[in-house]
K.L.:
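To start, I am sharing the structure in question, which I have written as structure tokens.
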Number of protein chains: 2
Amino acid sequence: MGLTKAEIFTDKQNKLAQMMKALAHPARIAIIQHLIKSQACVCGDLVDELGLAQATISQHLKELKTAGLIQGTIEGTSVCYCIDPKVWKQYKAAFEAFFVTFENGSSCC
Amino acid sequence: MGLTKAEIFTDKQNKLAQMMKALAHPARIAIIQHLIKSQACVCGDLVDELGLAQATISQHLKELKTAGLIQGTIEGTSVCYCIDPKVWKQYKAAFEAFFVTFENGSSCC
DNA sequence: CATATCAATCGCAATATTACGATAAACTAA
DNA sequence: TTAGTTTATCGTAATATTGCGATTGATATG
């Protein structure tokens, strides 16, 4: 079916899965890392950095924007992207909260 | 195309994206959480807990097993699943390492 | 042995994702 | 205005994911 049955899961489960999904592609990881590395705002040189077509990059940027992880401000003809620190912290906290639920456990089988 | 161009990204980027993907579905999140909650190993009652068909649960379990996050040992007619603490720690470390790359930053645009 | 139970796998249908060329929209500069 | 630059969007093709019914294989139990 390809259609996730979101209604049978909790809001938290759906949201966490959505967060994971936003980062579940190497291109989006690479975009985030590039935005972080180049301290200042980075515009369209992502196309040169990664080996993907402009349309593809734009699509990934859109997904990251929809996820809230990045912001884009128009600057002349180009657009300036950067991480949204607030959302970043939320992601970080959500991931930490998830991973902390299983600590120092030993496998039982 | 639907085919990720893995060869243009680094190993780390591909691996991290793969990890995210393994958890990028509410059913898999729910499975993990259920395994954690019920301290002891839980076998086939996942089908009763979540509202998904047996075949679907089995498929998600397989993906989690492929990701290394869970182990399954046969116990009579049923199978006993639990988290692999070693891999869990690796995931935790990888996610932390990723999120720590952007700290106390302020949005620049 | 026959039957019941549990989990994995197969096969299929519906939908989602990834990628890209082509085009459009917005702005700059000449 | 015209041409050039940059990014978004559209349309399309290839592939992946999700979900489930049906079947299979393995192991109990009568």
Side-chain angles (χ1 to χ4, degrees), chain A residues 1-9 13-14 17-32 34-35 41-67 70-82 109, chain B residues 1-9 13-14 17-32 34-35 41-67 70-82 109:
Chain A
M1 285 198 171
L3 175 59
T4 296
K5 286 192 159 181
E7 67 278 7
I8 67 175
F9 302 107
Q13 287 166 341
N14 283 317
Q18 202 66 40
M19 289 179 178
M20 296 281 187
K21 212 181 206 172
L23 293 168
H25 194 286
R28 293 196 285 276
I29 301 270
I31 288 173
I32 295 278
H34 189 76
L35 289 185
C41 287
V42 168
C43 313
D45 45 31
L46 284 163
V47 180
D48 304 319
E49 288 293 324
L50 318 181
L52 291 171
Q54 184 265 324
T56 308
I57 299 281
S58 191
Q59 209 171 332
H60 283 302
L61 285 169
K62 190 184 178 185
E63 285 177 69
L64 288 172
K65 237 189 300 181
T66 303
I70 64 173
Q71 298 170 317
T73 39
I74 298 169
E75 200 147 303
T77 65
S78 56
V79 178
C80 177
Y81 287 105
C82 61
C109 35
Chain B
M1 288 200 171
L3 176 59
T4 295
K5 286 191 160 181
E7 68 277 7
I8 67 174
F9 303 107
Q13 288 167 339
N14 282 318
Q18 203 67 40
M19 289 179 179
M20 297 280 187
K21 212 181 204 171
L23 294 168
H25 194 285
R28 293 196 286 275
I29 300 270
I31 288 173
I32 294 277
H34 189 75
L35 288 185
C41 285
V42 168
C43 313
D45 44 32
L46 284 163
V47 179
D48 303 319
E49 287 293 324
L50 318 182
L52 290 171
Q54 185 265 322
T56 309
I57 300 281
S58 190
Q59 206 171 336
H60 283 302
L61 285 170
K62 189 183 179 185
E63 283 176 72
L64 288 171
K65 237 188 301 179
T66 304
I70 65 174
Q71 298 170 315
T73 39
I74 298 168
E75 200 148 302
T77 65
S78 56
V79 177
C80 176
Y81 288 104
C82 62
C109 38

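Chain identifiers are assigned alphabetically (A, B, ...) following the order of the sequence lines, protein sequences preceding nucleic acid strands; residue numbering begins at 1 within each chain.
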K.L.:
In this structure, how many angstroms lie between the C1' atom of C:dT5 and the CD atom of B:Glu75, rounded?
P.N.:
15 Å

K.L.:
Could I get the full list of side-chain contact (heavy atoms from CB on, under 4.5 Å) partners for B:Lys62, not counting sequence neighbours?
P.N.:
B:Thr66

K.L.:
Rounded to the nearest angstrom, tell me the gap between atom NE2 in B:His25 and atom P in D:dA16.
P.N.:
17 Å

K.L.:
Scan for side chain to side chain donor-acceptor pair (under 3.5 Å) pairs involving residues 18-32 of chain B, sequence neighbours excluded, and state none if there are none.
P.N.:
A:Thr4-B:His25, B:Arg28-B:His60, B:Arg28-B:Glu63

K.L.:
Between the two ends of the helix from C:dC1-D:dG30 to C:dA30-D:dT1, what is the bend in degrees, rounded to 10 degrees, where each end axis spans five pairs?
P.N.:
10°

K.L.:
Looking at D:dC20, I'd like to know if its phosphate oxygens (OP1 or OP2) sit under 4.0 Å from a side-chain N or O belonging to A:Lys5.
P.N.:
yes

K.L.:
Are any of B:Lys62's side-chain N or O atoms less than 4.0 Å away from OP1 or OP2 of C:dA7?
P.N.:
no

K.L.:
Can you measure A:Leu64 atom CG to C:dT17 atom P for me and round it to whole angstrom units?
P.N.:
14 Å

K.L.:
B:Thr77 side chain: which of C:dC27, D:dT18, C:dC6 is closest?
P.N.:
C:dC6

K.L.:
When you measure from the side-chain N and O atoms of A:Tyr81 to the phosphate of D:dT6, is any distance below 4.0 Å, counting only OP1 and OP2?
P.N.:
no

K.L.:
Using atom CD of B:Glu63 as one end and atom C1' of C:dT9 as the other, report the distance to the nearest whole Å.
P.N.:
14 Å

K.L.:
Which residues satisfy the side-chain contact (heavy atoms from CB on, under 4.5 Å) test with B:Ile8, sequence neighbours excluded?
P.N.:
A:Leu52, B:Lys5

K.L.:
Counting only side-chain heavy atoms from C-beta out, which of C:dC6, D:dA8, D:dT18 sits nearest to A:Val79?
P.N.:
D:dA8

K.L.:
Heavy-atom contacts under 4.0 Å between residues 48-60 of chain B and DNA chain C, which residues?
P.N.:
B:Gln54, B:Ala55, B:Ser58

K.L.:
May I ask you to test the A:Ile70-A:Ile32 pair for a side-chain heavy-atom distance under 4.5 Å?
P.N.:
yes

K.L.:
What residues, two or more places apart in sequence or in another chain, satisfy side-chain contact (heavy atoms from CB on, under 4.5 Å) together with B:Leu50?
P.N.:
B:Ala30, B:Ile31, B:Ile57

K.L.:
Rounded to whole angstrom units, what separation is found between the CG atom of A:Leu61 and the C1' atom of C:dT17?
P.N.:
16 Å

K.L.:
Can you find a side chain N or O atom of B:Lys65 that sits less than 4.0 Å from OP1 or OP2 on C:dA8?
P.N.:
yes

K.L.:
I'd like to know whether B:Leu61 forms a side chain to side chain contact (heavy atoms under 4.5 Å, CB included) with B:Leu46, so could you lay out the CA-CA distance, the side-chain angles of the two residues, the decisive distance to 0.1 Å, and finally the verdict.
P.N.:
CA-CA 10 Å; B:Leu61 285 170; B:Leu46 284 163; 4.0 Å; yes

K.L.:
Establish, with yes or no, whether the OP1 or OP2 oxygen of D:dA16 is under 4.0 angstrom from a side-chain nitrogen or oxygen of B:Lys21.
P.N.:
no

